[in-house]
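Have a look at this one.
Just so we're on the same page: letters track the sequence lines, and every chain starts at 1.
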Amino acid sequence: MSQESEVPEGDHFSVRKQKLEELRQRGREVYPHKFERIHSCQEAIELFDPESDEDLGAEVKVAGRIRGRRLHGKAAFGDLVDASGQIQIYLSPNYLEQEEQFEEFTELWDLGDYGGVRGELFETNEGEISIVVRELTLLAKGLRPLPEKFHGLKDRELRYRKRYLDLLDNREVRDTFKQRSQFISALRRYLEERDFLEVETPMMQTLAGGAEAEPFETHHNALDLDLYLRIAPELFLKRLLVGGFERLFEINRNFRNEGISTRHNPEFTMLELYWSYADYEKIMELAEELVSAAVKEVAGSHKTNFRGEEIDWSTPWRRLSLQEAIEAETGLEIAVDTPPEETRKLAADAGYELDEKSTAGGQLLELFEEAVEAKLTEPTFVIDFPADVSPLAKEHREDERLAERFELFAGGLEVGNAYTELNDPLKQRRNFEEQADSEEEIDDNFLEALEYGMPPAGGLGLGIDRLVMLLTDSSSIRDVILFPLLQPRDNG
RNA sequence: GAGCCGGUAGCUCAGCCCGGUAGAGCAUCGGACUUUUAAUCCGGUGGCCGUGGGUUCGAAUCCCACCCGGCUCACCA
């Protein structure tokens, strides 16, 4: 530096602020507006010609964050990182156009600062393609130290609260979220290519219907109107079937005011699609083609690993009825209309403690969830659910005690739910009335829409977060949601 | 909501059983060093030991409550 160092001791933050001031006093812009980057780090490396006899190769102009720095008196090395990768920069007063930039770099720059670099490519004695720096531009001063590079950021709480640091330090995290994006993009493309229309329906609803879940409540001031965040888009998407859209889908958030777990975040992403004139058989074919194609596209293979087990997404997928699934796992043959107390007793004898449910179907479902669900590793359609737990599904064409409904499981997780949609407005009203608690309001506007005539249709819901968990071998849903909900803290 | 585990320097971690006044590596600061790459060498700074209470002459350490997080379970998708 010019005379004595102006950088006294102190904590990281104040030391860096003083360096920033010192740079400003030297006339340096600390947060410039732009930088004409010409090459990514990766492109710069690829530009290097190992055959050339020249000491110095092509001129490049790169920008990124300084993640490593090795100072050697009159020489210095730095690692410049951008989204494409990283490249080493080499500084020496001999090469810099402004010699004083050398001590700026060694004394006033810090790890984590953003910088732009112009210089020529060369290969070091150790064989690393590097840039000998001619001109150095500070692009943004960092005031806090980044987590240590070698061990990375490990603290789970910090990783969720400060996801930007997690992304900076942990490559797997970056890869997971890239794959999430690619997966959703692949699903969308597949559906668009088949003439499905993407729509958006209300997140804020006066009645939270389409699923059974506790909603979040909110309020519109100007209308003085209580509203709910949606728990499902289903009832609105079906209105659009009435409106004549024959193939449609929505990829968006649902909100459920329930417990948080490794499989549950209060807001989560669902794909829901509806297809006029299709039934649940056709929806099964679509679902397996859609998901296996998207998995293949993102993973490069139909096989993925989840919690140490391989999942093979090749079609066709296994199909078995709910009753078959229960019998295969427990040996219990239980009819859909076996009274709930009896089912509970039979299950208890077989070693399954069930919560009390009011309906026969509810008790059967409980047994399935308890005994079977976690064991369904390979993609499996469990079909033909009890009608009394499927109020939005059409009754089974061969057995009115059943609904034409399937759920999709993989890796022990429920990832999909689908029906031949109920389009009989009178039956739908009866189902709502039978199901509704006395307090609960029925969505009359939806029923009115059905009364105008909804075409026969199949519908499907896919839990995107859980599919991404399976795709990326993430054991917690928080690892596939960039900012999972956490209890707020003072610092974060 | 319940059970178990965890919270010590900016980061990664020891110390806790068995109480005696706070440690390491990286980062940071000062010094040496012109091809290093987890650079190296020498010397420093840095802590309300999650919060509050209790026991004790003395608490990071033992006890109680609470906060935050993780895992398992419950509710659910």
Scan for ring pair (Phe, Tyr, Trp, His ring centres under 6.0 Å) pairs involving residues 57-77 of chain A, sequence neighbours excluded, and state none if there are none. A:H72-A:F77, A:F77-A:Y90

Roughly how many Å is it from CZ in A:R159 to P in B:G6, rounded to a whole number? 20 Å

Not counting sequence neighbours, which residues clear salt bridge (Lys or Arg N to Asp or Glu O under 4.0 Å) with A:R319? List them please. A:E281, A:E288

Figure out the CG/P separation between A:N417 and B:A77, and round it to whole Å. 8 Å

Take atom C1' in B:U21 and the same atom in B:U61, then report the distance between them in whole Å. 13 Å

Each nucleotide N or O in nucleotides 13-15 of chain B that has a protein N or O under 3.5 Å away: list the pair and distance.
none

Does any N or O donor sit under 3.5 Å from an N or O acceptor when you compare the side chain of A:E148 with the base of B:G25? yes

Verify the neighbour count for atom CE of A:M203: are there more than 12 heavy atoms of other residues, nucleotides or ligands below 6.0 Å? yes

Which word best sums up how the rings of A:W275 and A:F196 line up, parallel for under 30°, tilted for 30 to 60°, or perpendicular for over 60°? perpendicular

Using the C1' atom on both, measure B:U8 against B:U51 and round to a whole Å. 15 Å

Any carboxylate oxygen within less than 4.0 angstrom of a Lys/Arg side-chain nitrogen, looking at A:D11 and A:R16? no

Ring stacking, A:Y160 with base of B:G69, under 5.5 Å and under 30°? no

If the cut-off is 4.0 Å, is A:R69 near the phosphate of B:A39, judged by side-chain N/O to OP1 or OP2? no

